[in-house]
Novice: 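Below is the structure I would like to discuss, written out as structure tokens.
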Amino acid sequence: MAGLFITLEGGEGAGKTTQCRKIKEYYETLGHEVVLTREPGGTPEAEKIRNLLVQRDGGNWTPMAECLLFFAARQMHVETLIKPAIAYGKVVISDRFTDSTVAYQGYGHGFDLSVIRQIETITLNGFCPDLTFLLDIPVENGLRRSLDQKNKAAGLENTEDRFEKMDKSFHEKLRQGFLTIAKENPDRVTVIDASQSADDVFSQIESALKVTNVI
Ligand code: T5A
């Protein structure tokens, strides 16, 4: 039996990582093998590309070069980790995937959406998630959570801050971009109100998983 590919999407501090862990526990309790992964990253090669993209002073890429790097990492991630795990019957949960490139590089930075879709077709050849949860939260709330998290970790060096340095209007464009993606893909993407407590957010996700009943 083929497995399942679930992605979590949303802006900064929406709670994707927190909910990825909860979905993992949910499927493990049901007796499934689960692979938890993230983008950019997920394989040793793609993690190297992540370092080029998201760390402070990670590079001053042209929009095309940046987009190609995200998809280069994604293509390896899909071919060497995600597809084999699904073929083995595992549940794969990825913290971000292609929707993030469309939202950040496309809607956020204004890189041509049709070019992003062409690169997606060349590199992924139609491969996409079975289910996506878009964690939607007002920009201020998400950024505050992100900041609180950093303050808690004060004293520890945090270099993965390049994208969080963007202004609020950028984050608003991101939010609207993600919501547009959801509207265009109603069968795949479920929008979740992520401004509630982590447990309440997971209850919404759990209900959607039960209704979908794909595995
Ligand atoms: N990027 C990525 C692109 O530009 N293009 C792409 O194609 C891809 C794939 C790295 C960066 O790369 C960019 C986007 C990013 O800027 P990332 O590593 O996913 O992406 O980084 P972030 O999105 O910045 O991850 P965050 O950790 O900020 O956000 P999460 O994962 O959404 O949130 P999480 O779960 O870590 O929670 C953040 C804090 O909030 C608390 C948590 O305890 C934590 O302290 N929290 C809650 N608090 C209250 N209520 C809740 N419901 C909460 N849920 C979590």
Side-chain angles (χ1 to χ4, degrees), residues 7-24 36-43 46-47 49-56 58-59 61 63-78 82 93-111 113 116-117 119-120 123-124 128-129 132-154 156 158-167 170-171 173-175 177-178 181 192-205:
T7 57
L8 275 282
E9 296 282 4
E12 317 292 325
K16 298 173 299 299
T17 309
T18 305
Q19 297 303 322
C20 280
R21 293 194 192 114
K22 287 180 176 286
I23 298 171
K24 179 176 186 281
L36 189 54
T37 186
R38 69 172 183 176
E39 290 214 346
T43 67
E47 289 290 333
I49 296 178
R50 179 188 179 97
N51 290 340
L52 296 175
L53 286 164
V54 303
Q55 288 194 347
R56 183 180 297 144
W61 307 103
M64 175 64 91
E66 182 175 80
C67 193
L68 289 169
L69 283 169
F70 276 113
F71 275 104
R74 185 163 299 133
Q75 199 270 346
M76 288 219 60
H77 191 204
V78 167
I82 299 173
I93 304 163
S94 185
D95 193 337
R96 296 192 183 279
F97 196 65
T98 302
D99 294 333
S100 280
T101 311
V102 175
Y104 279 79
Q105 279 61 53
Y107 288 103
H109 293 299
F111 189 52
L113 289 171
I116 296 176
R117 291 302 184 194
I119 299 170
E120 179 190 19
T123 53
L124 305 188
C128 70
T132 298
F133 292 104
L134 168 57
L135 301 191
D136 180 55
I137 187 167
V139 166
E140 292 268 354
N141 297 13
L143 292 178
R144 197 169 306 119
R145 276 188 199 166
S146 243
L147 192 65
D148 287 350
Q149 188 180 28
K150 286 193 176 151
N151 287 344
K152 263 192 216 159
L156 297 175
N158 186 344
T159 55
E160 291 195 353
D161 64 350
R162 183 181 149 204
F163 292 92
E164 283 157 17
K165 284 182 172 168
M166 312 270 172
D167 62 22
F170 171 81
H171 289 282
K173 278 193 262 179
L174 270 186
R175 185 182 184 201
F178 274 123
I181 293 167
I192 300 288
D193 174 3
S195 57
Q196 305 171 52
S197 73
D199 285 344
D200 288 345
V201 172
F202 182 68
S203 292
Q204 297 177 62
I205 292 176

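Whatever order the structure lists ligands and atoms in, that order sets their numbers, starting from 1.
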Novice: For ligand 1, indicate whether the residue Gln105 contacts it via side chain, backbone, both or neither (heavy-atom separation under 4.0 Å).
Specialist: side chain

Novice: Which one of Glu12, Glu66, Lys22 has a non-hydrogen atom at the shortest distance from atom 21 (O) of ligand 1?
Specialist: Glu12

Novice: Would you compute the distance between atom CZ of Arg74 and atom CZ of Phe97 and round it to the nearest 0.5 angstrom?
Specialist: 6.0 Å

Novice: Do the side chain of Trp61 and the main chain of Leu52 share a donor and acceptor less than 3.5 angstrom apart?
Specialist: yes

Novice: Could you give the distance from CD1 (Ile119) to CE (Met64), rounded to the nearest 0.5 Å?
Specialist: 5.0 Å

Novice: Is the closest heavy-atom distance from Gly10 to ligand 1 below 4.0 Å?
Specialist: no

Novice: Do any pairs count as a salt bridge (Lys or Arg N to Asp or Glu O under 4.0 Å) and have a residue in residues 192-205, sequence neighbours left out, and if so which ones?
Specialist: Lys22-Asp199

Novice: Answer side chain, backbone, both or neither: which part of Gln196 comes under 4.0 Å from ligand 1, heavy atoms only.
Specialist: backbone

Novice: Report the member of Tyr104, Phe71, Phe202, Phe97 with the shortest heavy-atom distance to atom 14 (C) of ligand 1.
Specialist: Tyr104

Novice: Checking contacts here: is it the side chain or the backbone of Thr18 that comes within 4.0 Å of ligand 1, counting heavy atoms only? Could be both or neither.
Specialist: both

Novice: Can you check whether Ser94's main-chain N or O pairs, donor with acceptor, with Lys16's side chain at less than 3.5 Å?
Specialist: no

Novice: Considering both backbone and side-chain atoms of Arg74, is one of its nitrogen or oxygen atoms within less than 3.5 Å of a nitrogen or oxygen in ligand 1?
Specialist: yes

Novice: Under 4.0 Å from a heavy atom of Ala14: give me the atoms of ligand 1 that qualify, with their elements.
Specialist: 32 (O)

Novice: Under a 3.5 Å threshold, yes or no: a donor from one side chain and an acceptor from the other, between Thr7 and Thr132?
Specialist: yes

Novice: Considering Leu174, Thr101, Leu69, which one's heavy-atom position lies nearest to atom 7 (O) of ligand 1?
Specialist: Thr101

Novice: Enumerate the atoms of ligand 1 whose separation from the nearest heavy atom of Glu39 is less than 4.0 angstrom.
Specialist: 9 (C)

Novice: Got an N/O contact under 3.5 Å between Gly15 and ligand 1?
Specialist: yes

Novice: Geometry only, no angles: is Ala198 polar-contacting ligand 1 at N/O separations under 3.5 Å?
Specialist: yes

Novice: Angle between ring planes, Tyr104 versus Phe178, binned at 30° and 60°: parallel, tilted or perpendicular?
Specialist: perpendicular

Novice: Can you check which of Arg96, Arg144, Gln19, Lys16 brings a heavy atom nearest to atom 19 (O) of ligand 1?
Specialist: Arg96

Novice: So Thr18 and Val201, do their side chains get closer than 4.5 Å, heavy atoms only?
Specialist: no

Novice: Can you sort out which atoms of ligand 1 are near Pro40, meaning under 4.0 Å from one of its heavy atoms?
Specialist: 2 (C), 8 (C), 9 (C)

Novice: Between ligand 1 and Val201, is the shortest N or O to N or O distance under 3.5 Å?
Specialist: no

Novice: Report yes or no: does Gln19 contribute a side-chain atom to a donor-acceptor pair with the main-chain N or O of Ala198 at less than 3.5 Å?
Specialist: yes

Novice: For Pro40, is there any backbone N or O sitting under 3.5 Å from a side-chain donor or acceptor partner on Arg50?
Specialist: yes

Novice: Counting heavy atoms only, which part of Ser146 comes closer than 4.0 Å to ligand 1: side chain, backbone, both or neither?
Specialist: side chain

Novice: Hey, what do you get for CD (Glu39) to CG (Asp99), rounding to the nearest 0.5 Å?
Specialist: 10.5 Å

Novice: Looking only at distances, please establish whether an N/O atom of ligand 1 is found under 3.5 Å from an N/O atom of Phe70.
Specialist: no

Novice: Under 4.0 Å from ligand 1, counting heavy atoms only, is it the side chain of Ser195, its backbone, both or neither?
Specialist: neither

Novice: How long is the gap from CD on Gln204 to CG on Leu135, to the nearest 0.5 Å?
Specialist: 9.0 Å

Novice: At less than 4.0 angstrom from any non-hydrogen atom of Ser197, what atoms of ligand 1 do you find?
Specialist: 52 (N)

Novice: At under 4.0 Å between heavy atoms, which part of Arg50 makes contact with ligand 1: side chain, backbone, both or neither?
Specialist: side chain

